[in-house]
There are 2 protein chains.
Amino acid sequence: MMARRQSSQAKEKFVLGIDFGTESGRVVVVRSRYGEIVESVVVAYPDSVIDERLPGGPRLEPDWALQNPKDYLLVVEKGVPKALKAAGVKAESIIGVGTDFTASSPMPVKSDGTPLCYLPRLRKQPHAWVKLWKHHAAQPEANRINEIGRERDEEFIRLYGGKYSSEWLFSKLLQIANEAPKVYQEIDRFIEASDWIVWQLTGRERRTTCAAGFKAMWVKGKGFPSPEFFRALHPLMEDVIGTKLPEDYYPLGSSAGGLTPEWARKTGLKEGTPVAVGNVDAHVAVPACTVVEPGSLVMIMGTSTCHMLIGREKQMVEGMCGVVADGIVPGLWGFEAGQSAVGDIFAWFFEHGVPDYIHREARKEKGPFASVLEKRAAALKPGGSGLVALDWWNGNRSVLVDVDLNGVLVGMTLATRAEEIYRALIEATAFGTRTIIEAFDSKGVEVKRLVACGGLPEKNHLLMQVYADVTGREINLADPLQTCSALGAAMHGAVAAGKSAGGYDTIYDAAQHMAKVQKLAYKPRREAHEIYNQLFKEYQTLHDYFGRGSNDVMKRLRALQRRHRAG
Amino acid sequence: MMARRQSSQAKEKFVLGIDFGTESGRVVVVRSRYGEIVESVVVAYPDSVIDERLPGGPRLEPDWALQNPKDYLLVVEKGVPKALKAAGVKAESIIGVGTDFTASSPMPVKSDGTPLCYLPRLRKQPHAWVKLWKHHAAQPEANRINEIGRERDEEFIRLYGGKYSSEWLFSKLLQIANEAPKVYQEIDRFIEASDWIVWQLTGRERRTTCAAGFKAMWVKGKGFPSPEFFRALHPLMEDVIGTKLPEDYYPLGSSAGGLTPEWARKTGLKEGTPVAVGNVDAHVAVPACTVVEPGSLVMIMGTSTCHMLIGREKQMVEGMCGVVADGIVPGLWGFEAGQSAVGDIFAWFFEHGVPDYIHREARKEKGPFASVLEKRAAALKPGGSGLVALDWWNGNRSVLVDVDLNGVLVGMTLATRAEEIYRALIEATAFGTRTIIEAFDSKGVEVKRLVACGGLPEKNHLLMQVYADVTGREINLADPLQTCSALGAAMHGAVAAGKSAGGYDTIYDAAQHMAKVQKLAYKPRREAHEIYNQLFKEYQTLHDYFGRGSNDVMKRLRALQRRHRAG
């Protein structure tokens, strides 16, 4: 994917995509005509995820997860020059820059954009730092937001499938108001890291509709909930809109402005190079998977899975993470749903459930044990193990939105083997995806085919075939698979540049030229699909029994565990 | 336990116990005064369990399990002289012989006791051999027996807790009538191996009430079901009672007769040495565990668990395997119940569920991995894992009597560790035992304390403590633990000999002198018991949901598996 064709690159136009992940950032140089990634450079965050102790500061409470905004700037400063040099591409050929970020990862800053954690007097105050998406210490605040939201019948409750998450912007801001009111009063702007990085590069604070819509209750044409709602959350928050958060947001693919002289100097790019408004990683992956129309569900599959879908109409779908106008592509509704553990379940099984005979066979074959397990599991027939599982090892995001649900395995006998359990876990995650698809389908939001990207589908043929068989739908794999967010960021950079500069006027055009899928597609097999229809019925019955209140055994077990774990 | 005090043994009296197990027989020499086992000799069956191919004959169908009666005789011929010699005990000091056997393990013989499989013309006919207790190929016959039994409202249906088992005598005889009517017509007597061995040793066919009552529908004072019932099963069987089975049965501990001259010669014992009527292994273990009164539940714990209980009144208890007058000790009612997999579940987990980190730690500590697992599981607190399981890896014997039920594990998270699953499996088997105790309790058959014997309790402190905590009852361990059936057989030999010969007149007297429990007792801990009361409620809810028809998912999974396993 990183072929070098330096001879012909002088006349060609390129865009940069910068993908800010959880532990590192990636800079890609992309040929704007065909979307080919000609160079890719990864820069690790020196402070990575700060979840034990602030750099030189105090120990953090459990469930905290912070980041240092300096690390984001380092990715640009080190990564861009390195990528340009490696690609042999000159600054004149770079027509635009697009970025994408984990979300919601908001941070408190002063009115000039200076992060509060840069200020010596606040350096040792945890609330002054970026709250990474996986900061989970604001659950009481999320509960409060949902309680008041439901009492007041606020629209966001419905738009977020019934629940506002502890991971999102206002839960994290309310946590600051509750726990550190003095820090709260120091905040001039509370901003997603995705918007802050664009502000840094362009000198203009132009925030994206995407993060605002999916994480911060903003509704196109309506704005935010009223000051009364925010006052009910916390007296300090009454005027939050218009002060700490702006009222205006900018559509995906629009230009936030040109690169500042300072950042042109630091990166070697030309001053004024257009920079697209910020993007969210999962959302920007959608057009990079060729999807700009309704009917195709994009699955970003890794430790967890994000499901992204485009629809013509607003629909309130059970347990979705959000429905936002122009949230994925302009002019259409963007839907997001998710499974809170997928690859994580397999990793758990690899660590805690693989017996000696699998390891012995791997040693004999001088290969990884995961391959032995995959080979054996692939040799099994659908329905042949007599097992069915619920994939709730980390709760259930969609459609039940319940973190206190846990895994179930039904049907073990004395003849049950490890590869049968492994396959049952794979099938369970596929049933989880099918449950989401059926929730969309039941509201008329159609899913005709699936497109997968992310780290998990790579080389995992069994997984993808089971998903095709279980869902009864063809699955395409994005190309590239693992760097599709970075490609998506670059595509938005090309749209920010515009056709006249060698880019594209719309994300539709960009997707047509720059995005593609692999030739290999997974097609559902009729007989397997029919057997899985029967197993899925069993999954649904157990799903509803354990997940919808018939038997809240999991919640009681969890409560018992909390009381007695320490003894 | 096998101390030799040969100097004083000349005046002392001894009894022999011969315990016929599944793969071998054991001969013990026991001091009749205190019950001390002074010698123990094991003789393996040369043909062991015949479940693949008849010796020199055809391949067997799945689920068949046969034995060669010659192997039983070999145990006596080789084992008795060897044990006597090793113990330094003379034939004159042996006052009686008792035996016990697996059951129901019936066999077809001629009128002189010759097994049909000895006849050259029937040697290659599988139906001519002993059908071992775990021969499971007569399920269709058991179904037919239950169907007709229920139609005709036969009492045995209630006495066997609602179901006659495929393992028992008439299921196996009906299989012969159905599949090999010519062999059926060759049968003069159809007899439990436990009764046949006594016939061989004494020359008299005197059958025990115990096997007849627990396995063959015989009811004290009433006899068998009517000829009409047997004709409904199969026309050939109309006259089975009085021809192939006798009408008279002899109580436990009575003498079947004296040793024949032939067997005196073969064993070195004195001609005429009293031999007790045959015993069933689980039942004979009860007085060897000191239990001859109501109130104490004996658990014979191994791959599966048998529960034996004595009651003052006949009660129909859900899912028990039988209630028989004088079935365990004379004058009282004997109850049997069971769990179809206990040690087998742990063995399954050791083989299929123990991950590398446990094996690594075991290598580091240069010890067995089971010890690492036990140590880690013992360090956990009740309720601390957030897990609850159903212990149905091999179906459920009591109280649901359903072979198509399977295991369930509920509550896994990404933090769940192998030792937590192991402990949850131990707890699940304890909940299974508590379910049986509560079924007895609900009918007024009291269980005040538990006495455990068998291979599983040995050195398994965690297991026994969990059972005490879960049931809220003190547990004693029999002494000896693993050879209590052999001791029980010897005790019945001492009763057959009688007090005047240096034995005892009743099993009550024998138990008082010959049986004992270990000093170590497991006492329930209050706090743990209270937590387990909560977990047991969860177990009961899941037990009833999966086991009583609310969700027959396991049966459907099993049917799907049977259809699709082969593809």
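Lettering follows sequence order; numbering is per chain, from 1.
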| query | What is the ring orientation for B:Y357 with A:H352, classed by angle as parallel under 30°, tilted 30 to 60°, or perpendicular over 60°? | reply | perpendicular
| field | Heavy-atom side-chain contact between B:L557 and A:V410 under 4.5 Å | value | yes
| request: Select one option (side chain, backbone, both, neither) describing which atoms of A:F546 are under 4.5 Å from chain B's heavy atoms. | output: side chain
| Given side chains that start at C-beta, do those of B:Q534 and A:R563 come closer than 4.5 Å, heavy atoms only? | yes
| request: Return the minimal non-hydrogen interatomic distance between A:P355 and B:G353, and the atom names on each side. | output: CB-N, 4.2 Å
| With no hydrogens and no angle check, is any side-chain donor or acceptor of A:R558 less than 3.5 Å from a backbone partner on B:G411? | yes
| So do B:R417 and A:E351 actually touch side chain to side chain, heavy atoms under 4.5 Å? | no
| query | So, the side chain of A:W393 versus the backbone of B:A415: is there a donor-acceptor pair under 3.5 Å, distance only? | reply | no
| request: Indicate the atoms forming the closest heavy-atom contact of B:L409 with A:M412, along with that distance. | output: N-CE, 3.7 Å
| query | Just by distance, do the side chain of B:E538 and the backbone of A:V553 share a donor-acceptor pair under 3.5 Å? | reply | no
| note | Honestly, the part of A:N551 sitting under 4.5 Å from a heavy atom of chain B is side chain
| A:L387, part contacting chain B, at a heavy-atom distance under 4.5 Å | backbone
| request: Just give me the residue among A:L535, A:V388, A:I531 that pairs up with chain B most often, heavy atom to heavy atom, under 4.5 Å. | output: A:I531
| task | Pick whichever of B:L542, B:I345, B:L380 has the most heavy-atom pairs under 4.5 Å with chain A. | result | B:L542
| message | As an exercise: rank A:T413, A:L560, A:V408, A:I358 by heavy-atom pairs under 4.5 Å with chain B and give me the winner. | response | A:T413
| Toward chain B, the part of A:E419 with a non-hydrogen atom under 4.5 Å | neither
| task | Identify which of B:S385, B:A341, B:S550 forms the greatest number of heavy-atom pairs closer than 4.5 Å to chain A. | result | B:S385
| Between A:T541, A:N406, A:L414, which has the largest tally of heavy atom pairs under 4.5 Å with chain B? | A:L414
| field | Nearest non-hydrogen partners of B:K381 and A:H564, listed with the distance | value | CB-O, 3.3 Å
| message | Are A:T416 and B:W348 packed together at the side-chain level, in the sense that at least one heavy-atom pair is separated by less than 4.5 angstrom? | response | yes
| task | Supply the atom-to-atom distance B:H359 NE2 to A:H359 NE2, rounded to the nearest 0.5 angstrom. | result | 7.5 Å
